[in-house]
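To start, the structure itself, in structure tokens.
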Amino acid sequence: MNRQDCCFCSGEDSCAAWLYSAASDVAAAPIVVMAHGLSGTRRDRLGAFAERFAAEGIGALVFDHRGFGDSTGEADLFHPARQLEDWRAAIAFARSLPRIDADRVATFGSSMGAGNALAAAAEDARVVAVISQVPFIDMWRQAHRSSPRVTARILLAAARGSHLPVVGQPHEAAFINAPGGEAGWRHVVAIGEDSRWRDRASARWLLGRPYRPARHAATLHCPWLVCIGEADQVAKPGPAIAAARRAPLGELCTYPGVDHFDIYDGPQHEAVVADELDFLRRHLLRQ
């Protein structure tokens, strides 16, 4: 594995990243820009995907959003629009790198990162492909429905401009409190690379425009691979399946019995990576 630490500017802050060099001798290789969503970081098993892409001859830039992981900026400040700014900066940085083909850039994200990858591609006609795995792309239609009491506590935290835990149990006020969600994510963190993840993110954004990158599906200009766990309890599969079918160049892969955080290791991981590699070979590697 040929991986380098690097960073790029986003606003007045700096986003930390890993650059995985493509295992090929071409003068200019394609590259995939990658990130988690919400509070997830590059150390939380994204490298397991990037390594496989690089071995196939496709570079990968895996980054932390401002305020999370190893990046600078106000700690734990989350807003979808702010993260989308980081995606724009990451894509621009990737295009500027030596031995990278600036016209063969793809985006890749998990969960809310899957939505960010879709949104970033939708506004950039030069992006040639998108991968969204276990996508959370429609907050109102996909999110786990908490009890009225828990929902009230979540909205109170948002109104006060305070923070919430990222994961919790169904009876707790947390961003991810679907059954099995906390244990699933903590397993991802445990098998990661010296994770810098913190169980905390700001909540005021919940009072703003609903997070709904799915609205871009019908007009997306490039191929879009959507990898969905059929047993996903964090991001309900139905709305994402419908979005994939609306996309002019959408490609849908579903995985029976797979929940939101099952794709980061084991046979479920291998199945998803195999489909992603097939997609990237067809759309990023020149024949």
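Note that the numbering runs from 1 along the sequence shown for the chain.
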Roughly how far, to the nearest 0.5 Å, is [atom2] of [Y] from [atom1] of [X]?
| X | Y | atom1 | atom2 | answer |
| --- | --- | --- | --- | --- |
| Phe136 | Ile176 | CZ | CD1 | 8.5 Å |
| Trp197 | Asp44 | CH2 | CG | 8.5 Å |
| Asp199 | Ser39 | CG | OG | 7.0 Å |
| Asp259 | Gln233 | CG | CD | 5.0 Å |
| Leu118 | Phe108 | CG | CZ | 14.0 Å |
| Thr254 | Ile228 | OG1 | CD1 | 7.5 Å |

Examine [X] and [Y] and state if one hydrophobic cluster contains both, with Ile, Leu, Val, Met, Phe, Trp and Tyr joined whenever side-chain heavy atoms are less than 4.5 Å apart.
| X | Y | answer |
| --- | --- | --- |
| Ile31 | Tyr20 | no |
| Tyr264 | Val166 | yes |
| Ile91 | Leu284 | no |
| Phe279 | Leu220 | no |
| Leu77 | Met112 | no |

Using the side-chain contact (heavy atoms from CB on, under 4.5 Å) rule, take Leu61 and Cys6 through it: C-alpha gap first, then chi angles, then the decisive distance, then the call. CA-CA 9 Å; Leu61 180 72; Cys6 58; 3.9 Å; yes

Between [X] and [Y] (side chain of the first, backbone of the second, donor and acceptor by atom type, cut-off under 3.5 Å), is there such a pair?
| X | Y | value |
| --- | --- | --- |
| Ser132 | Ala114 | yes |
| Gln142 | Lys236 | yes |
| Arg45 | Val189 | no |
| Arg104 | Ala28 | yes |
| Arg160 | Ala157 | no |
| Thr107 | Ala117 | yes |
| Ser96 | Phe93 | yes |
| Ser110 | His36 | no |
| Thr151 | Ser147 | yes |

Could you go through Asp194 and Arg196, starting from their C-alpha distance and side-chain angles, then the distance that decides it, and tell me whether this counts as salt bridge (Lys or Arg N to Asp or Glu O under 4.0 Å)? CA-CA 7 Å; Asp194 188 24; Arg196 307 287 197 268; 2.7 Å; yes

Would you say the side-chain atoms of [X] and [Y] include a donor-acceptor pair closer than 3.5 Å?
| X | Y | value |
| --- | --- | --- |
| Asn177 | Ser146 | yes |
| Ser111 | His260 | yes |
| His187 | Asp265 | yes |
| Tyr255 | Asp275 | yes |
| Asp13 | Ser10 | no |
| Gln268 | Asp262 | no |
| Asn116 | Tyr211 | yes |

Kindly determine whether Glu193 and Arg3 satisfy salt bridge (Lys or Arg N to Asp or Glu O under 4.0 Å), including the steps that lead there. CA-CA 13 Å; Glu193 297 185 52; Arg3 185 176 81 183; 3.1 Å; yes

Carefully, step by step, assess Asp124 and Arg95 under the rule salt bridge (Lys or Arg N to Asp or Glu O under 4.0 Å). CA-CA 12 Å; Asp124 187 336; Arg95 288 185 174 131; 2.9 Å; yes

So which heavy atom on [X] is nearest to which on [Y], and how close?
| X | Y | value |
| --- | --- | --- |
| Ser14 | Cys7 | OG-CB, 3.4 Å |
| Val128 | Asp103 | CG1-O, 3.2 Å |
| Arg200 | Asp76 | NH1-OD2, 3.1 Å |
| Glu276 | Leu225 | CA-CD2, 3.8 Å |
| Leu277 | Phe53 | CD2-CD2, 3.7 Å |
| Ala174 | Ile154 | O-CD1, 3.8 Å |

I'd like to check [X] versus [Y] (side-chain heavy atoms, cut-off strictly below 4.5 Å). Are they in contact?
| X | Y | value |
| --- | --- | --- |
| Leu249 | Trp224 | no |
| His144 | Pro179 | yes |
| Met139 | Arg212 | no |
| Pro30 | Leu285 | yes |

Testing Asp5, Asp64, Asp70 for salt bridge (Lys or Arg N to Asp or Glu O under 4.0 Å) with Arg43, which one passes?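 Of the listed options, the one satisfying the test is Asp70.
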
With respect to Pro135, which candidate in Ile131, Ile137, Asp138 satisfies the side-chain contact (heavy atoms from CB on, under 4.5 Å) definition?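 For Pro135, the side-chain contact (heavy atoms from CB on, under 4.5 Å) check succeeds only for Ile137.
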
Kindly assign one of parallel, tilted or perpendicular to the pair Trp87 and His65, based on the angle between their ring planes and the thresholds 30° and 60°.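 Ring orientation, 0 to 90° scale: tilted.
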
Where does the angle between the aromatic ring planes of His269 and Phe49 fall among parallel (under 30°), tilted (30 to 60°) and perpendicular (over 60°)?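 Ring orientation, 0 to 90° scale: perpendicular.
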
Please step through side-chain contact (heavy atoms from CB on, under 4.5 Å) for the pair Glu230 and Val258, ending with a clear verdict. CA-CA 6 Å; Glu230 293 182 11; Val258 172; over 6 Å; no

Neighbour count above 12 (heavy atom, 6.0 Å) for Arg145 CZ: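 Yes.
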
Please walk me through it: do Arg282 and Glu251 pass salt bridge (Lys or Arg N to Asp or Glu O under 4.0 Å)? CA-CA 12 Å; Arg282 289 185 284 111; Glu251 300 184 25; 2.6 Å; yes

Consider side chain to side chain donor-acceptor pair (under 3.5 Å). Of Glu74, Glu85, Gln83, Glu12, which one does Arg66 pass it with?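 Among the candidates, only Glu85 passes.
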
Kindly determine whether Arg186 and Val167 satisfy side-chain contact (heavy atoms from CB on, under 4.5 Å), including the steps that lead there. CA-CA 9 Å; Arg186 291 192 183 279; Val167 293; 3.8 Å; yes

Cationic N near anionic O, under 4.0 Å, Arg88 to Glu123: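 Yes, Arg88 and Glu123 are salt-bridged.
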
What verdict does the side-chain contact (heavy atoms from CB on, under 4.5 Å) test give for Phe175 and Phe78, after you've listed the backbone C-alpha separation in whole Å, the side-chain angles of each residue and the deciding distance to 0.1 Å? CA-CA 12 Å; Phe175 288 108; Phe78 174 82; 5.8 Å; no

